[in-house]
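Heads up, the thing below is written out as structure tokens.
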Amino acid sequence: AQPAANAQARPAAPPEEKSSVTKGSVHIAGQEIKYTATAATYVIKADDGSPKATFFFAAYTKDDVADKSKRPVAFIYNGGPGSASSYTHMGLGPRRIVLTDDGFGMPAPYSIVENGDTFLDATDMVFVDAISTGYSRPAPGENTAQFYGVEQDATWFADFIYQYITRNERWASPKFLIGESYGTTRSAQLSYTLQRRHQIYLNGVALLSAVGFGNWGADDRTIFFLPTLISSAWYHKVLAPDLQKLSAAEIAQKARQFAHGEYAAALEKGDEISPAEYQKVVKELARLTGLSTKYVEQTNLRVSPQRWFKELLRDKRLTLGRIDARFTGMDADAAGERYDYDSSLASYDGSYVAMFQDYVRRELKWNTEQYYTLSARVQPWDQGTPGLPAESLRSAMTQQQHLKLLVICGYYDVATPYNGIEHTISHMGLEPSIRKNVSFTYYEAGHMMYIEKKSREKLRRDVVAFINGAAKMEMAGSGR
């Protein structure tokens, strides 16, 4: 028999490209949209032709388009870093997971339906898995450090996008990035990397549940989490009647004003704060969060999200979800400081994973024995220069000038609190003529707002309007 050492020394097979092309249709606003679905891998190579990595993607392109060079194309992905893009794929694509209208998971057998709230009538959609996630992989023998980092990740995504638009003759198309969670940090960096590396200019970037990718809240991040905690307490109806009668937008604004007013001033004063002022802040913080004044005092005015998940509904023996604070869970006991699990992910994770695995094989005809890596360990992740993604986005928006930015926020998202990205955008130093290209939109849902029916319908309206507006390049000043 051959020695084991020699067997292990055999070189791994070089990465190969493969694709599966199918046809489908989806009804959007009463109109049937026929499309071609391409599930495929591209091998991305170095300048010397050596393979470096394979990118898996699923592209949906509208059929019967007279001039596809005028048709927008959007590149869509999840974050992590280390997350595959099956969530955005099965939430924003032409098929979606069946959940309750509130977005709660249901028991198996799971199912999928046509997604009448997809953006496919407005743009072609390319869902991409980052290297080491999903079906994307480093080439055999490659050092993963070259892929794991803010700038590294953006560089390889830029090379993939270059390959896609070249092979599919989409250089003239309006181009968009739609990233979720860490995918928003990727988009911020990628917007400038595409310009600098390949001279690819974008029409728009949509930040879905954005990480505050600047050095946001470095002084005390509890200020920026607080509005989300207050919004979540309002959702669970634990506040006083005068606060509960406010709308979601009104309570959020009241929370912002307190967090950056009295509360921030109290934290800044530290031990120099007077007893009277301290008690005033304690009382108001307790009133807005639904926590007891005693608990607020015990935390030294700083309620961490991890404690919040456990404390708000402790008397009911319930915990809150991190990805979506509307969800509640039950721990082994009600006395601990941290929850046992994220009740929001636990509710729908199983259905998303099962139905993606079923859909990609049954409908997209992507047959492989390769393991689909939903969440990859991509450590160490090189964070690079602090605040670089924000500066990269500022540079891209300033130099390209027509580049539009849509910031999409969930009120009950404790993973990426809305006040964090508000702070980042307001401190990017954009000139007024560029700042007018930024718009925010808010949803009464969490991190994945598209799981909730009303939010999903609103998200479609907001994103389609954004794409249609940004794809029509402004001509003002073009004669200079």
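Computed from a predicted structure; not experimentally measured.
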Would you be so kind as to tabulate the donor-acceptor pairs closer than 3.5 Å made by side chains of residues 149-158, with sequence neighbours excluded?
unit_1	atom_1	unit_2	atom_2	d
Gln152	NE2	Asp382	OD2	3.1
Asp153	OD1	Arg186	NE	3.4
Asp153	OD1	Arg186	NH2	3.2
Asp153	OD2	Arg186	NE	2.7
Thr155	OG1	Glu151	O	2.8
Trp156	NE1	Gln146	O	2.9

Residues forming a ring-ring contact (aromatic ring centres under 6.0 Å, His included) with [X], sequence neighbours excluded:
X: Phe160; value: Tyr42, Phe55, Phe57
X: Tyr35; value: Tyr60
X: Tyr339; value: Phe309
X: Phe56; value: Tyr135, Trp366

Could you verify whether a donor N or O on one side chain and an acceptor N or O on the other, from Gln189 and Ser392, lie under 3.5 Å apart? yes
Hey, are Glu452 and Tyr412 close enough side-chain-wise for a donor-acceptor pair under 3.5 Å? no
Residue list, salt bridge (Lys or Arg N to Asp or Glu O under 4.0 Å) with [X], at least two apart or on another chain:
X: Asp358; value: Arg362
X: Arg71; value: Asp124
X: Arg197; value: Asp159
X: Arg96; value: none

By side chain to side chain contact (heavy atoms under 4.5 Å, CB included), Tyr162 pairs with (sequence neighbours left out) Thr166, Trp171, His198, Ile200
With sequence neighbours excluded, tell me which residues meet side chain to side chain contact (heavy atoms under 4.5 Å, CB included) with Asp101. Lys453
Could you tell me if the ring centre of Tyr418 sits under 6.0 Å from that of Phe440? no
Residue list, side chain to side chain donor-acceptor pair (under 3.5 Å) with Asp48, at least two apart or on another chain: Ser50
Would Lys404 pass as a cation-pi partner of Phe466, given that its NZ or CZ must be under 6.0 Å from the six-membered ring centre and within 45 degrees of the axis? no
When you check the gap from the basic side-chain N to the acidic O, do Glu391 and Arg394 get nearer than 4.0 Å? yes
